[in-house]
Every structure is written in C-alpha cells, then in structure tokens.
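Let me begin by presenting the structure, written as structure tokens, before commenting on it.
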Amino acid sequence: MGTNPECAVHWIRKGMRLHDNPALLAAINFKNEQGKHVLLKPLYILDPHFRKFMRVGPNRWRFLQQSLEDLDKKFRALGSRLYIVRGKPEEVFPDLFKTWNMKLLTWEYDIEPYAKKRDVLIEDMAKDNKVKVEQHVSHTLYNTNLVLKANGGKAPMTYQKLVSVLESLPKPKPPLDAPTSLPKECQGVHHPVEHLVPSMEEMGLDGATIPPCKFPGGETEALKRLNKSLANKEWVRKFEKPNTAPNSLEPSTTVLSPYLKFGCLSVRLFYHELKKILATGPHAKPPVSLLGQIYWREFYYVVGSDTENFDKMKGNKICCQVDWDTNEKYLEAWAHGKTGYPFIDAIMRQLRLEGWIHHLARHAVACFLTRGDLYLSWEDGQGVFEELLLDADWAMNAGNWMWLSASAFFHQFFRVYSPVAFGKKTDKFGTYIKKYVPELVKYPVEYIYSPWEAPLSVQKTAGCVIGLDYPRRIVNHEEIHKKNIARLSAAYKRNKANNASQGSSSSSPSKKSSKSSPAESKAKRKSTTQTTLSFSKKKKE
DNA sequence: CCTCGAGTTGCGAAC
DNA sequence: TGTTCGCAACTCGAG
C-alpha cells in the first residue's frame, strides 16, 4: 500500500471551483523534500452528517451532484480527477493519510460550528500523521477573524457598523485565476474505478420525480450566470434590492446565491467584477445595492462566526427569547403552501418546486410564520428553508430568520407584512399566484389575493370552492397580527427585564478574556464577547 | 370662468 | 426593505 506515490490533497467542502481557490493552488504548488511537485488529489467526502443531521431536499442534492460532476470534468481536463470518498471525515482520513501517502492537505476555512470542530479534529489527526495542513480564507470576502479583531474582538452588531469596519480594512485582493494546466507531477488518475462522482440514484434522488432543473449546479454554470447578471451595466449600477419584485415570473435578481453558497462562484470574483462596473458611472449604494448584498453576506458570516448557538433561540445571547407556539398543523400548512393565503402559498410552492425564492418573498413568508401570523418559532422556518433552499447557508439562514422574526438585528416588530396587500404592489393581477397556485387560475383579479372573500357563486364559476378545492385561510390576519404584536411586545419587555437583571448581577462566569490570535485554529475561543453583545443590542431599542 | 365632487397623491402618525 | 388611516393638497371633468 505504501507504494502509492506521494500526493497533495485539496479537500473540497464548499469552494467547489477552480477559479480563485488558494487552497487548491497551494496543493498544486506544493513541493516535497526533493523539491518536486507531487500528485494532486482533489477530494470530496460524502459525509453522512449531511444526510442524517442536516435537512437537504432533492433540489440541493441535485445541485451538489451537478457541482461535483462539473468539478470532475474540469479536473479531468487538467489530467487529474475528483476523488469522492464516502464516510465520516474523522474515520476516512486516518486511512487516507497512510494509503494515499499524503504529504499535504489543504482546505478552505469554514466558520460553521460543525465545520470548525471537524477541521480542528482533522488538523490534529494530520499532524499526528506528519501531514502538513494549510487552510485558506476564500469563502468570504474578508477573513471573519480579522473583521472581529478590527472591531475590538467582537462582532459588529449593525450592518452600518460592519461596513465601516470593512472600510477600515485593506481592500480584498484580486481573485486568483483558475489553473489552466498542472505540473506534470501533479497529473495522473489513480484508483480509476473507485471514488466516482455519485449518481443521482446514490444520492437518493429519483430523477423522474423532481421537477426540471432551473438552476443547475457547478462552476461552469456559476460563471455563465455571473456574466449574464453583470452584462447590463446600467441595471447593475441602478440595482436596489427593495425595488426588485418578489413575485415576478422570472427572477428579478441575479440568483447567484446558490453558487456563492456552494462556492461554485468566488465572492471575490463577484466583488471585483462588480467594482469594475460601478466605476463606470453613478450607482446605488449599500445596503440596497448589489455590493450591499455582498456585505449582508459578510455581516451574517461575521456575527455567525462569533455567536454561540447562533442557529437557536436558547443559549443565544443576541436572540430575543420569545414564547413561540408549537403547532404541527400550522407548520405543515405553511411548509407545503396550504395556508389559504395565495401569496404565501405561491411562494412556498415555488420554494419547494424550484429551490429559490426572492429575498422579499422570504420576508413575507418568514414574517407570516413567526411574528406576523402563525407565531411559530423561527427555528421551524429555518429548518424548512434549510431543506428546500438551494442557497441554504447556515449563517445567513439563521441571521435572516432572527431578523424577520424580530429576534435580533431588527426590532420594529409592529411592521408586519400583509399576506394580502404586499404582493399586490408588484403583481396586481396575481399572475405569480396563478402560476404556482393553479387552483385559482380562473379567479377574478379582485379575489386572487383573498379568495375567501369571493361569493360562493364566483368560487363555483372559477371551479375552486374555498375549503374544498383550496384551503380556507388558517388564520385571520387582521385579527391575529394585532394579538401577535402584543405578545411580542410582552416578550420584549420580559427580555429587557431579564437582560437588565443579568447584566447588573454581572456574575456571569464567562469572563475568560482570551485574546486568541485570529489565525489560531483551536476551537475553544468565543464566549468573551458574549456579554458585550447583549448590551449593544439593548442600546438599539 | 367658476364651483363642485370624485379621485389621486403625499405625508405623518399609530400600531 | 410595513400597513393602514386620516388629512391636506391637488387634479380634472362636469355642469
């Protein structure tokens, strides 16, 4: 077994691309003790964790599968290939270190809690096996640890604060080119029949039962989409998110998010291409501009990297503790687009079908699920989004759910989206609803957003009787949203009182004040910033 | 030319 | 990156 040639492994997790991939380049450029390049083995591990503990729906599995195939194709064109290994990383690597004769292992730095813990473990294992490890930051525009450091060791808790911190840091470097060729020694296809890219069937997908693919995965598609999105410079410069429609029949925004989430597209490439266009004329500004959208991503990544239990309410110091209800029937109705509110249902059905919905559509359904109407926990919604969204991204999913439920960052809980009025602003004829809720296709315009108001004769003529062919609305928005505002107001008062009493006693044992270096990769960091975070939150209201 | 009323637009306040 | 309401100011066609 030790006969295998020395190799440098680039472990792909996110960062599913060849362009602007410093960890990949490090593996390619690696030289052994003889000063020679070694065989390159780009590796992807199908980790059962993502089957058992994460909710991944068919659309995202397919996106992953397509991204892997694209990678394999690109590596094969360079005289290499993609190696796919099944199993838990901590069980897989000890064997690979030896049998693959691994000299170097590189990967892209990941801030997610599961990844952080995993990577510390693998790094230790690698060291025990005399395998060098290199980590590179390339999933975010800025190194989250350096952002924290620049802000006095704690996360900026407002968007504006984050932007000012980013502006104080050195500008992001230009993106790195994809390798166009590999050194001779890096090339070679070993274990030719093993470690193949999984088929749709292996990923548990019946190709026939999932809808046609609207947003195919992979770097090739990502770069195509980037070029298409940035082709109209005027549109790019004028882009303001609030002025794009949540309910257009074709996306009114770029839909680059799935590609950024998987790292098929480098955010740094996006940033630099965008900057070039912005320099050509007057343009919109953050937070609403396209650049502003990139900064939102940085914002949630930075806060998420520094907040314990960021994806939960309990034990999460920045999250308002709210007495959310538990109601399986409501959750089920919401998740499957059967609330009886056509605008809400159309969005949720588009989400399940296509894996992507507009940002403002996410606002509408998230508000509806939580503080607006159903008063269910944002964690319930987070789970459904995690399953169904192609771009489900840990930090942004949790952060945005806290925002929309007024649990953190955003506190104007009396600003409630109307599930009837909101969609009308950009789609007064309800064509979006008719596309995704075809039961209502024959409804007259005046009832399309509120079909329960249609007289029975109209319902019959339209071939869709409410309560029979389409659900009766599960809550009365006009009544329930006022009650919910009152409940949330009470929760805020309780929260404020709790925070005040905890703050004054000041007996919290979490005063470790360890100023660990940002490059430091041991996981036991955190907790020092937590007390200050809850204060800055209080200041906001 | 004026007056009237219906309809619109824009703003601030309250929830 | 809310909705609704009331109010004032305005437009515009009818008479």
Side-chain angles (χ1 to χ4, degrees), chain A residues 157-163 235-248 251-257 283-300 303 320 322 339 341-344 347 356-375 378 381 385 391 396-397 399-428 430 432 446 449-450 453 473 475-493 496 540-541:
Chain A
M157 289 304 290
T158 67
Y159 181 84
Q160 285 310 330
K161 182 68 184 163
L162 174 97
V163 171
W235 181 82
V236 168
R237 289 196 306 263
K238 283 192 174 153
F239 182 97
E240 293 194 355
K241 190 65 148 287
N243 295 337
T244 58
N247 47 6
S248 51
S252 59
T253 51
T254 64
V255 197
L256 289 172
S257 52
H283 54 80
K285 298 238 146 57
V288 293
S289 65
L290 264 181
L291 179 62
Q293 306 311 304
I294 292 177
Y295 288 164
W296 278 113
R297 182 170 179 272
E298 297 293 306
F299 177 65
Y300 288 125
V303 184
C320 184
V322 179
T339 66
Y341 282 92
F343 181 58
I344 300 300
I347 294 168
W356 181 88
I357 50 176
H358 186 277
H359 182 67
L360 291 179
R362 301 179 197 201
H363 279 218
V365 297
C367 182
F368 187 89
L369 180 76
T370 58
R371 65 195 168 81
D373 296 85
L374 303 185
Y375 215 74
W378 60 269
F385 272 24
D391 61 35
M396 280 186 292
N397 199 19
N400 275 313
W401 271 102
M402 281 189 271
W403 180 292
L404 262 304
S405 61
S407 298
F409 311 117
F410 168 84
H411 306 284
Q412 267 47 52
F413 51 75
F414 42 81
R415 291 186 187 170
V416 176
Y417 289 94
S418 162
V420 172
F422 184 62
K424 288 183 182 172
K425 283 191 286 189
T426 43
D427 179 22
K428 62 178 168 175
Y432 172 81
E446 62 261 50
Y449 281 88
S450 51
E453 286 177 339
R473 57 179 181 162
V475 290
N476 178 328
H477 174 76
E478 299 83 81
E479 288 171 11
I480 202 88
H481 93 275
K482 286 180 192 147
K483 289 180 187 159
N484 291 344
I485 287 171
R487 285 182 73 178
L488 208 47
S489 173
Y492 263 60
K493 284 201 185 99
K496 207 172 170 183
K540 235 202 133 158
E541 236 323 68

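Protein chains get the first letters and strands the later ones, always in sequence-line order, with residue 1 at the start of each.
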Take atom [atom1] of [X] and atom [atom2] of [N], then tell me their distance rounded to the nearest Å.
X        : N      : atom1 : atom2 : value
A/Glu240 : C/dT1  : CD    : C1'   : 11 Å
A/Lys482 : B/dA14 : NZ    : P     : 16 Å
A/Gln160 : C/dT1  : CD    : P     : 12 Å
A/Arg371 : C/dT1  : CZ    : P     : 13 Å
A/Tyr295 : C/dT1  : OH    : P     : 20 Å
A/Tyr417 : C/dT3  : OH    : P     : 7 Å
A/Gln293 : C/dT1  : CD    : P     : 14 Å
A/His477 : B/dC15 : NE2   : C1'   : 12 Å

Can you figure out which of [options] approaches the side chain of [X] most closely?
X        : options              : value
A/His363 : C/dT1, B/dC15, C/dT3 : C/dT1
A/Phe422 : C/dT4, C/dG2, C/dT1  : C/dG2
A/Phe414 : C/dT4, C/dT1, C/dG2  : C/dG2

> Any Lys/Arg nitrogen of A/Arg473 or A/Glu479 sitting under 4.0 Å from an Asp/Glu carboxylate oxygen of the other?
Replying inline: no

>> Can you see if the side chain of A/Lys425 gets near the phosphate of C/dG2 - specifically, an N or O under 4.0 Å from OP1 or OP2?
In response: no

> Going by distance alone, is a donor N or O of one side chain under 3.5 Å from an acceptor N or O of the other, for A/Ser418 and A/His477?
Replying inline: no

> Would you call the rings of A/Phe409 and A/Trp403 parallel, tilted or perpendicular, where under 30° means parallel and over 60° means perpendicular?
Replying inline: parallel

>> Using 30° and 60° as the class boundaries, would you call the ring planes of A/Trp296 and A/Tyr300 parallel, tilted or perpendicular?
In response: parallel

